[in-house]
Structures are given as C-alpha cells and as structure tokens.
Amino acid sequence: MNRRGLAVLMRTRIRPSSAAHSTELSLFSPTSEADKMTTNPEANNKPSEPSKQISANGGDPDSLHKFSAQVSAQRGFELAREAMHSAISMNKTEVLDSILREFSEGYFGLSMEDRCKLLLVLAKDYDLNRNQVRELMNQYLGLQLPIDETGTEDEGMLSTFYRMERNLRHALRPKYDVLFERLNTHPGGLKFLSVLRADLLSIIEEDNIPSLRALDSYLKEKLVTWLSPATLELHCITWDDPASLLEKIVAYEAVHPISSLIDLKRRLGVGRRCFGYLHPAIPGEPLIFIEVALMKNVGQTIQEVLWDDPPIPECEASCALFYSISSTQPGLSGINLGKFLIKRVIELVKREMPQICTFATLSPIPGFMKWLLSKLAYQSKLAEAESLDMSCFYKDSAGSAFRENLLTAEEERAILDAAGESTSGKNGMEVLLNLLKSPNHDWTKSDRLLPALKPILMRLCARYLLQEKKRGKALDPVANFHLQNGAVVERLNWMADRSEKGLSQSGGIMVNYVYKLDSIEQNVQSYFSTGHINAAEDLHRVIQQT
C-alpha cells in the first residue's frame, strides 16, 4: 500500500475528533478467511426437482434456504472437526502442513456458535487421560525409595524412577498440546492461535466452562513461552515504514485515536517516538506498541502532548513521556508484553539520549468514574433510607455497616452552594451524583461548579488509585499494569483529557506514573508481595484531608 492508499484508508476509517468530543476507532483485524468464505448454497447449484416440487406445493423458499444453510454449516463443522483430529493424530509430516491449513481455514469459516462447539470438543475429547495419570501415580507411590544402608541414593536403582517420571510427564500433557505445538511451527499458525484464544476468552466471559478454562490456561502458558522477549524484535516505527504497518498503528491505537494523516505523521516525527514489538511469525504487525513524547518536563495534559505547535528540539528534552500503549492482539490478553516493552524502550532511549533523566507516563484512569458513580448511588440510597426514618431497618442489616459520607462537611457545603436552588432537600452526594451523570458533562462548562468539584474529585481519585483494591492489587487496570512494572504514582492532573472518553472514564483527570530506574525492582517486589503502592507524599496528603 502506498501513501495515497493509506490516506484514502484513513479518510474512510477515521472520524474527525474535536477538543470537546473525540471518537474511538473500531479495531479491525486483517481480512480473515471467514470474510471470504460466505455460504450461498444457491449460487452455483440450481434447485433440484424435488425442491421445485416442494415450492410448488406451498413450501416456503426462505425455509428451504435456511435449511440448506444449516446443512452447509453442519458440513463445515464436521470438516473442521475431522481436520482437527487429523492434525492431532497424523504422523505423516509431508501432508501435515496441508491438514493444518485445512483446519485453520475451516475454523475461520465457522460461526461463533460452531467455534464454541469445536473448542468444547477440543477441550474435552483431547484432554489428558486421568485414569492413566492416576494409575501411574499409584505405581510411583508404590516404589521403594532407592536408598542404601549409608542413607544415600543408589544411582543404579534410580532408573525405574526416571522412567516412571518420564511417563508421568507425558501422561500429564493433554492431547491438544500436539495441535498447539504443530500450529506454532506452521506458517500463520501463531496468529491463528492468537485468534483461537481470543475466541476462548470471549466464550469464557459469557459462560465460564471449566474445560474451556483449562484449555485457555494451557494455551496461555504456551504463548508466554513462545513470545518471550528473546523471540521479539523491538522496532522503532517511523513515517518511512511501509504503509501497511502504519495502517496497523492507526487501526489498533486504543488510548488516543489518531484523527488524521497529519496527526499520524506528528506522532512519528520530531520529538516523538513509537516503538513496537514484532514477531517473525507475524510479520508487519506489531503485537504491542508504545508512543513516546520527548519533553522538557513531565506532561500534565494530553492536549499538550498531542500538540499543535512545533515540538522542542530533541537535544533540550529531559523527559521521555509514555502517553499511549496499545496491544493489537486480543488473544494475548494477560500476557504482559508491555512490561518488557517499557523496560527495553527505557534502555534504548537512555542509551541514545543520555540527557533524558525522567521516564514517566501520562495515563488514563479508566475505572474511576464507574467506581465513583457506583459508590455515590449506593451511599445516596442508604442516606435516603435513613432520611425516611428507616434507620431501624439498616441497624439490623449489613447496610448500616457500609454507611459512609464520601464528602467532608466543607465539601458538601461547597457543592450545595455551587449547585444553587436546584439542590433543595438533597444531600451533597445526591447532588454530586446528578451533576456527574448530567448529559454532555455540563458541569465541566460551569465556572461555579468546577472550583467546587475539583478538590472533591481529585481527593476521591487519589483514594481510588491508592486504596481501592481487588485481590490485594490496585483496582484500576492501568494502575495495576504500571505498578506491577515498578512505577510510582506521582501526580494527578486536573482536566488533563477533555475528550468525551476522558470525561466519561475519569472526569478528565489523568495520572503521571514515574519509573525511577534505581528503585523499579524494589517497587515490583513490594507490590507483588504485600500489595504496597508507592506514591508521592502529596497524594497521601490529599487523601488525609478527610
């Protein structure tokens, strides 16, 4: 694809964004075989005489078409199932590639419902043989430890243990391991396995089937091994790269959508860097990429990062700001390639530009507003119940134990005064809830409301990031990602992202995480061992203001 082709593609795929309203790009993957394999049973075959007769006697042509499509779909499922079985059981290497290709093409031609059925067959019929495992374990437990009179192991008698342990390892490998291993060495097989796992994750989200969970867990372990940093190539993506690669950057940018060809060129130009991890088995398509801005100081708003003015000379930059990191493969979810990518980029930038001394992010807080609205709604209901003289009910229930006023007395007075007469008879949390739920985020346009809301939202956001946990780790997914990579929560930035997405997710607040090179590993260890979140003292003081 040439530049003109890329420009045409972007005009058709990208909707313009504005300062007040940005739109998200829908992610798209390369055209799959499924897109090419449409089922149209009447296209090449004329209706048989019996079909004509049925139609003439009052049969419904639509019913006949549906029946024919069902038969065709069933036939496609059986062919894919047969190919899958052959790919697992066949030993003839000279025809294995064609069988694997037949299976992958057949899989792409299936509906999501049939993919689910096929994956269930794979998970159950090609699992390990547990009776054999139990039998081998009983035999192993029945062996006498080969220890002689001196208390040392007899090397000659250990051969039985070695043989039994080898048999146990083999028995503990499910049969579908053969399919995964063979696909990994097949052209296009790694990409196909990524698609297959994406389907698995989608199915499990809807119906948490244990056998599919086990299949997903096993495949994830294989992918972690095959996608180790040693197998990945770090590539600095520039405007001179093929347009097909730049197309992927446009398509998969998940944090701040690329609005135009000019926007793309800026993100790859002077004062900016874009790095991606590529794998030789998936050429021309980064598995994950990160965008970097070279700045004098740590950026506080996304508006200044996605600049309109010329950037500073790179020789004057002292901060490398990571402002977007996007994964291109849904099937690699849970495989933390970003951790390795950030560390590699820090090493590379530090080597090429020694004057860079600060490595930080300007990150979204995607879960904050959802958490806050839920808390406000719940607390408002409890407060309303108490105001209706129902406190006796809550005294004997779990509700009273969770009663909490999220606002200080001073904050409540400030918000009631700023909101005016419309707050009559309402408490501060109810007013705050209604303001934040207002259409078009009207509160952000009010000179009276903004000063009152700023300290409230900044304090609650600091609490959300530093105190709200899930299984002992940060509740916010982006916070958890950076903290487990060794970052420190440094600063909250008010109205840092005024886009529709930014206001909806976090009330426009963004956060800087800082990677302090001399304490990264120590931070990782403390976070994983105790869940401790390293943060600037200013943020702790903000929370303590209650």
Go through it in stages, so that I can follow the logic: the residues are Ile99 and Met90, the test is side-chain contact (heavy atoms from CB on, under 4.5 Å), and I'd like the CA-CA distance, side-chain angles, deciding distance and then a yes or no. CA-CA 9 Å; Ile99 292 295; Met90 184 172 289; 4.0 Å; yes
Verify the neighbour count for atom [atom1] of [X]: are there more than 12 heavy atoms of other residues, nucleotides or ligands below 6.0 Å?
X	atom1	answer
His170	NE2	no
Gln525	CD	no
Lys350	NZ	yes

Is there a donor-acceptor contact under 3.5 Å from the side chain of Glu253 to the main chain of His256? yes
Report yes or no: does Ser211 contribute a side-chain atom to a donor-acceptor pair with the main-chain N or O of Lys124 at less than 3.5 Å? no
Side-chain contact, heavy-atom cut-off 4.5 Å: [X] with [Y]?
X	Y	answer
Glu314	Gln355	no
Arg344	Pro229	no
Val514	Phe359	no
Met510	Ile365	no
Phe77	Tyr107	no
Pro286	Leu245	yes
Leu492	Leu465	yes

So, taking the atom named CD1 in Ile346 and the one named CD1 in Ile356, what distance separates them when rounded to the nearest 0.5 Å? 11.5 Å
Do you know which two heavy atoms are closest between [X] and [Y], and how far apart they sit?
X	Y	value
Arg115	Val195	NH1-CG1, 4.3 Å
Ala487	Tyr513	CB-CB, 3.9 Å
Leu212	Ile203	CD1-CG2, 3.6 Å
Ala320	Val292	CB-CG1, 4.0 Å
Lys469	Ala474	CD-N, 4.0 Å
Leu539	Arg491	CD1-N, 4.3 Å

NZ/NE/NH1/NH2 to OD/OE distance under 4.0 Å, [X] and [Y]:
X	Y	value
Asp216	Arg213	no
Arg273	Glu291	no
Lys175	Asp125	no
Asp476	Lys370	no
Arg267	Asp263	yes
Lys343	Glu521	yes

Candidate pair Phe289 and Tyr277, rule ring pair (Phe, Tyr, Trp, His ring centres under 6.0 Å), full reasoning: CA-CA 6 Å; Phe289 62 91; Tyr277 259 151; over 10 Å; no
I would like to know whether His441 and Ser504 meet side-chain contact (heavy atoms from CB on, under 4.5 Å); could you show each step before the answer? CA-CA 8 Å; His441 311 287; Ser504 297; 3.4 Å; yes
Classify the ring geometry of [X] against [Y]: parallel below 30°, tilted from 30° to 60°, perpendicular beyond 60°.
X	Y	result
Tyr464	Trp371	tilted
His85	Tyr126	tilted
Phe108	Phe192	perpendicular

Verify side-chain contact (heavy atoms from CB on, under 4.5 Å) between Val488 and Ile533, making sure each step is shown before the conclusion. CA-CA 8 Å; Val488 174; Ile533 295 176; over 6 Å; no
The test is side-chain contact (heavy atoms from CB on, under 4.5 Å); show your working for Leu122 and Ile88 and say whether it passes. CA-CA 10 Å; Leu122 180 63; Ile88 295 172; 4.0 Å; yes
